[in-house]
Amino acid sequence: MPAFNFQTQFTYDVGSGTKRQTIREKRKTRPRPGQMAHCFTGMRTKQCKKLGSWPIYAVVNVMIMEEGVLLNGGALKDTELDAFAEADGFRNWPFMMTWFQKQHGLPFSGDLIKW
């Protein structure tokens, strides 16, 4: 039962269904297709709120670098970066890359989980 906590800036998009993926650091137990993604905000606080639950259909290795994104080792084209960022709840690729730089440092390696 993978549970994901989202920052406030992503809660509307997750709850409304416009954000149907998340990028996370690798976990000891990797989520698998067929499991339910249980999405929350404010986990471990009194303000915890469930945003929804959806079946996971893909888990892909992702690497985010200043130069771009690798999915399972294959590079996204420059023309695909903005759409990738928007699917993850960002305005565009530069905003996403800057956010990952500040939050995790680059390069970032993890899992792209889609539901």
Which pairs of donor and acceptor atoms, one on a side chain in residues 54-72, lie under 3.5 Å apart (sequence neighbours left out)?
from: N61; atom 1: OD1; to: K26; atom 2: NZ; distance (Å): 2.3
from: N61; atom 1: OD1; to: R30; atom 2: NH2; distance (Å): 3.1
from: N72; atom 1: OD1; to: N61; atom 2: N; distance (Å): 3.1

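- Hydrophobic cluster membership differs between F4 and M36, with clusters built from Ile, Leu, Val, Met, Phe, Trp and Tyr side chains linked at under 4.5 angstrom.
- Grouped with F40 in one hydrophobic cluster are M43, the linkage being side-chain heavy-atom contacts under 4.5 Å among Ile, Leu, Val, Met, Phe, Trp and Tyr residues.
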Show me the donor-acceptor pairs, under 3.5 Å and distance only, between side chains in residues 93-108 and residues at least two apart or in other chains.
from: T98; atom 1: OG1; to: P94; atom 2: O; distance (Å): 2.8
from: H104; atom 1: ND1; to: E25; atom 2: OE2; distance (Å): 3.3

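- Under the rule for a side chain to side chain donor-acceptor pair (under 3.5 Å), K77 has no partner lying at least two apart in sequence or in another chain.
- Here T29 pairs with nothing under the side chain to side chain donor-acceptor pair (under 3.5 Å) rule; sequence neighbours left out.
- In plain terms, the two heavy atoms of S53 and H38 that are nearest each other are OG-ND1, 2.7 Å.
- Between W115 and K19, the closest heavy-atom pair is CZ2-O, 3.6 Å.
- For the side chain to side chain donor-acceptor pair (under 3.5 Å) test, no residue two or more places apart in sequence or in another chain qualifies with S109.
- With sequence neighbours left out, the side chain to side chain donor-acceptor pair (under 3.5 Å) criterion links T22 to R24.
- Under the side-chain contact (heavy atoms from CB on, under 4.5 Å) criterion, Q21 pairs with F84, A87, D88, L112, K114, sequence neighbours left out.
- Using a 4.5 Å heavy-atom cutoff, the side chains of R32 and P2 are not in contact.
- Under the side chain to side chain donor-acceptor pair (under 3.5 Å) criterion, the residue pairs touching residues 5-16 are D13-T18, S16-T18, with sequence neighbours excluded.
- Counted within 6.0 Å of NZ on K49, heavy atoms from surrounding residues, nucleotides or ligands total 12 or fewer; the atom is thus considered open.
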